[in-house]
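Letters A, B, ... mirror the listed sequences (proteins, then strands); counts begin at 1. Only a predicted model underlies this, so the values are computations on that prediction, with no experimental measurement involved.
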Amino acid sequence: MMEFINFYLIPGLALGSIYALGAIGISMIFGILRFAHFAHGDVMTLGAYGTLTAVWTLGLHPLLALPVGIVFAVLSVLAVDKVFYKPLRELPTIYTVIASFGVALIFRSLIQLVWGSQNEVFIRGVQKPVVLFDLLRVSLLHLEAIAIIVGVAIALHYFLSRTQTGRSMRAVSDNAELARVAGLDTEKVVRATWIIGGSLAAIAGVLAGLDTNIQPNLGWNLILPMFAAAILGGIGKPMGALLGGMVIGLVEELSSYPWLTDEPLINPSYKTATAFLMMVILLIFRPQGLLKGRLF
Amino acid sequence: MDPVGLLFFLVGFLIMAGIYAILCLALNVQWGYGGLFNAGIAGFFAVGAYTSALLTAAPAPTHLGGFELPVLVGIIAAAVTAGLTGWAVAKICIRLKSDYLAMASIGIAEILRMVIVNEDWLTNGSLGITNIPRPFDGLLQGREADILFLAFVWVIVAIVYLVCNRLYDSPWGRTLRAVRDNEDAARAVGKDVDSFRLQTFVIGAALMGVAGALSAHYFRFLSPEATEPLLITFLVWVMLMAGGSGNNKGAIIGALSVWAIWSLTEIVTNRLPAEFATRSSYIRMLLIGLLLQFVLQKYRSGLLPERSPGIAFDKDKDKTHG
Amino acid sequence: MITLENIVMRFGGLAAVDDVSFAIGKGIITGLIGPNGAGKTTLFNIIAGRLFPTSGRVLLEGDDITRLPPHERSHKGLARTFQIPHEFGALTVLENLMVAGDTSRGENAFNAVLRRGLFLREERAVYERARDTLDFLELSHVKSEKAGNLSGGQKKLLELGRSLMREPRLILLDEIGAGINRTLLGKIAEKIKRLNEERGFTFCLIEHDLDYVSKLCSDVIVMAQGKVLTRGTIDEVRHDERVIEAYFGGGKYEVGT
Amino acid sequence: MKKSIVMAAVAGLLASTAMAQAEDVKVGALMDVTGPLASFIPPLMNAANFAIKHVNDGGGLLTGKAVLVVGDSQAASQPAVDAANKLVNVENVPIIMGALASGSTIAAATAVTIPAGVVQISPTATSPSMTDMKDGDHLFRLVPSDNYQGEVLTKIVLAEGIKKVAITYVNNDYGVGIATTFNEAFKKAGGEVTAFEKHEDKKNSYRSEIATLSKGKPEALVVIAYASGSGSKIVKQAIEGGFFSRFIGTDGLRDDQLIKEVGADALKDSFFSAPTSPDKNDASAKLHEMFNAEYKEGADKPFVDQTYDATFLAALAVEKAGSTDRTKMSQALRDVASAPGEVIGPGEWAKAKELIKAGKDINYEGAGGSYEFDANGDVTGYIGKFVVDGETYKQIAIFQ
């Protein structure tokens, strides 16, 4: 039982938090700008490297240096939106999807040019886990990740339901035409989307980097499960994406728990496949996602 | 530069471009005619490549088969299995709207890749399959043999082009474009939309399988990374968008020009000073990314945009505006 | 021709169509009127098969077609136009019409590649009919234009033409006159009348312009809030109190007799 | 504006082609610069450049300078073939160092270099299927086939008195090859393998895999993976979870990166195997010293030795052949790499050039081995046993 909690449940929740933070941005961008943002993983990577630079130059703890990474990631996506995505806004979304593919390539090459391609770590050495009653062994980072996601969930809920910008975002996501007619400043909403999406991605990137290491493909390797999470939650539903991320993370980790026999239920090599399989099944039977998202 | 070397470089270049041209024509059937956002091209490519490799390679204890069948049999079988895979995928998710179909097809391609990497008994997993023959093996020696393979590839490109053109210039193609332009209206005039989409998906998938098979025969070696989903899928999309979706000639021209950019930038970046040695590859990727943005913003309808095939009996042709 | 039996259509908790039953007579032009949100287009979608009703039955000359997909209804002789033009934008006007023709041999992918001779005759026949239809609708001068480039009115004509290509038994016209200038409107009305009189086509049309309806329809059904309010000739319904109330909101206007 | 940029680029291209003086000799290199192995490349690129620098500092190649031309094979077949095509046909190189991954090496060889008659020396490809390839003596490699390291590792592990292990390996040609041989050899020698599981590279969490691996209470975990990929993550998470404290790794794991991520303390009971030089050859230490003096770090990264040696050998072969004639390369390579002959070590280009000029036979003994090629172009390797000592690795025994 403790083994289940220590090595399957909590790591699953932590992994889920990382997916969730990325998926929220993907879902919001999908809902408001109506395209699948393939460069989102690389925004995470940018956030991680931005933070890393602050850690190196200022000698801060990664979580304290995080704001630097956030600002860096947000400025990058805002610039990219202005230069590369905005001119394509009125065209069929396929153009923007492809453009975002190109942006992913640009981000990654720039990262490799500036920081090089070798792995980096925030903190050297093994992080001793928190041990409670000799039973619970949890990495501090995982507790931090779970705490962050809870905080983000509360803040996001407050933002979306109580603030003017949040409500406008929901309106645009539900019906862009109507929102425009109603006189909402869509460009402002778009900007807010990038700022939130970029910030959360940066946090996700730093958490992923803390959990393992930082390298140029950090975010790119996570993009598909994050998409799965966004779809799972229902496109355009940030809270849904959050839930979707947690579900995907948990399913991935729990699928290899020896549920029935002594053997893992699913061979760990197919761990990632379970996330995709869930996504495909959901797309077929409930394409609007867990929390009724938009269907385009 | 050595002219003979340049000739053989061109041969290799055109073989790859031909393989991409087939992928691009196949995507054109799915997206250009049918409006289906297939983002799992690499999956069908992989199925085709493995089918043909397993059927034609020399027997080996490490993977299934090695039946030493003729290459042509392998290629036809590749089309069949990739088509069947396409059929199964389409059966499940053809009703999904564009972006969702894209996600589902990426997911399925990724699952296929995992099966290929993990099921050693079938594919020899990550160690891959060696000793895959080429057609007319032994007729010519050394790199001269590449010329034969080049001819073989482009004969197939020509056949695929012909097939695609005939599909396009037919009531079938017309109906498909109608389905793409307006699904509800197509239903209202009696078209079985799902059936047409299914057919399109299967035909496109089968052609992608052919391209996969050709690549396996070209490399004579096949391992899972040959089917890296995001790279192949992404490149083919760029080619089709740049060439002009809905236009078969555009698809081929797009494949040639984007492949030229992709491949030739390395020759340029290699000319950078030595201290850039590690960096030149990233600079190249950066250039490609920027070039792509340039194409999307300035040449977005492609080099050759879609045009109607015209009606054969329409004698009093006034100027065609399409 | 078409009989609706107790049709109910719910979206979530809302009944867009609430227990509607009526029949449309063969060979006549029936008008379906009512204020916005009355459920007219929903009802059209149910007849055409784009929506399946929550309950109730749709009969076409006695056959139950309630669960038949739209394309099969089209093969049974049902044709429709859409409120917002649904042209095939990248196809030429001529192609738009030819698509609607019966080209079942040429629509076989195998034939399209390997046995092109097989559908030549069929294709020629469809072509001739498309030309005739274009002439009839006075669209021949734009036949090679992409349909997406046509004006709103031309698109409406194109939709009508596409329906005609189906050689249907019943054509459903959803606000064919909306957003069209009066000259063109008159022209369309005249075409519809000719088709009805000379070739015996049955029409059912949704329209807001009552003058227009009065010119064309001998039978008018009035709907409001998902229900059939009344039915009769245009003059009968025009003076029906319930109709006036439905249109102008109860009690706001004093209604004379 | 745009036009002028294009013009400038074209002019630059033409000028650089023309400027490359006639006597300069290009040496091709296939490196997986971008793609999944990107994080390995910087030190390897330095190693290749370092070898070329030694050539040029020591009198140059033939009558000119050696120029390294790099093709990006991206650790995948298609880019490897494309890059090899450019090296062979456009750059016209006489010989190629690379590629690194077995997959890209085999694809480049079968599709391009073998038909074109260009010798390819891979510093790192370990796939057993390269042994029997019909390569017309064009494909060489500097590391023993997986089969070999797997068997030697068995001896090392048993010599430590470890009888019961769990194995996890990265699911690529490198991991599968070594793990499979080790698994078989270890069982045959009487050891017990409690678990034998592959894992995907690129994941963030391996905790559930490790939990499964620890089930049979093995004494140590054999991790056959790259330190900069899944390897470090697995070791780190296994220690954090309290599952394992003792690890056995191969050359992929024996990387400064591992110490950087896990810390030296946690690795004091672990040991590693890696190809090395025969008995008391100090070539490796010498190279590392020179390397770190030049680049400050990275000498101890995996495959640095072999990459340097492969590049150096490629240059030696050209020098020995006396021209850029491709047909002479495979014989020349065999001549300079194999005994007998005066022994040449890393960096001793001037001496080698002198000897070749004098018509003497030479025998390159590199930092990563002595490289006596057999008929298949394979080497019988020497495998060293390494432990962590301070912040780096120390070789404590050599096995053959």
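- A distance of 6.5 Å separates NZ of K260(D) from CD of Q118(A), quoted to the nearest 0.5 Å.
- Rounded to the nearest 0.5 angstrom, L258(D) CG and N119(A) CG are separated by 11.5 Å.
- No part of F40(D) comes within reach of chain A, as not one of its non-hydrogen atoms sits under 4.5 angstrom from that chain.
- Both the backbone and the side chain of A38(D) come within less than 4.5 Å of a heavy atom of chain A.
- In this structure the side chain of K203(D) reaches within 4.5 angstrom of the side chain of K271(A), judged on heavy atoms.
- To the nearest 0.5 Å, atoms NE2 (H199(D)) and OG (S256(A)) are separated by 13.5 Å.
- No more than 12 heavy atoms of other residues, nucleotides or ligands shown are found within 6.0 angstrom of CD on E297(D).
- Of the two parts of F7(A), the backbone and the side chain both hold a non-hydrogen atom closer than 4.5 Å to a non-hydrogen atom of chain D.
- Ranked by heavy-atom pairs shorter than 4.5 Å toward chain A, the options G242(D), G241(D), A266(D) are led by G241(D).
- With a 4.5 Å cut-off on non-hydrogen atoms, E197(D) touches chain A through its side chain but not through its backbone.
- Atom CG of D211(A) is separated from atom NZ of K236(D) by 7.5 Å, given to the nearest 0.5 angstrom.
- Each of S232(D), A227(D), S208(D) has some count of heavy-atom pairs under 4.5 Å with chain A, and the biggest count is that of S208(D).
- Pairing each heavy atom of K233(D) with each of N213(A), the nearest pair is CE-OD1, 4.1 Å.
- The candidate with the highest count of non-hydrogen atom pairs below 4.5 Å against chain A, out of A211(D), G263(D), S205(D), is S205(D).
- Residue contact with chain A, scored on non-hydrogen atoms closer than 4.5 Å, involves the backbone and the side chain of E240(D) alike.
- Neither the backbone nor the side chain of F122(A) has a heavy atom closer than 4.5 Å to any heavy atom of chain D.
- Here CD of E120(A) is found 9.5 Å from CD of E261(D). Values are rounded to the nearest 0.5 Å.
- For L222(A), the part lying near chain D is the side chain, with the backbone staying farther off; criterion is any non-hydrogen pair under 4.5 Å.
- Q237(D) has its side chain out of reach of P11(A): every pair of non-hydrogen atoms, C-beta onward, lies at least 4.5 Å apart.
- Residue contact with chain A, scored on non-hydrogen atoms closer than 4.5 Å, involves the backbone and the side chain of N204(D) alike.
- Residue K301(D) does not touch chain A at all, counting heavy-atom pairs closer than 4.5 Å.
- With a 4.5 angstrom heavy-atom cutoff, N217(A) touches chain D only via side-chain atoms.
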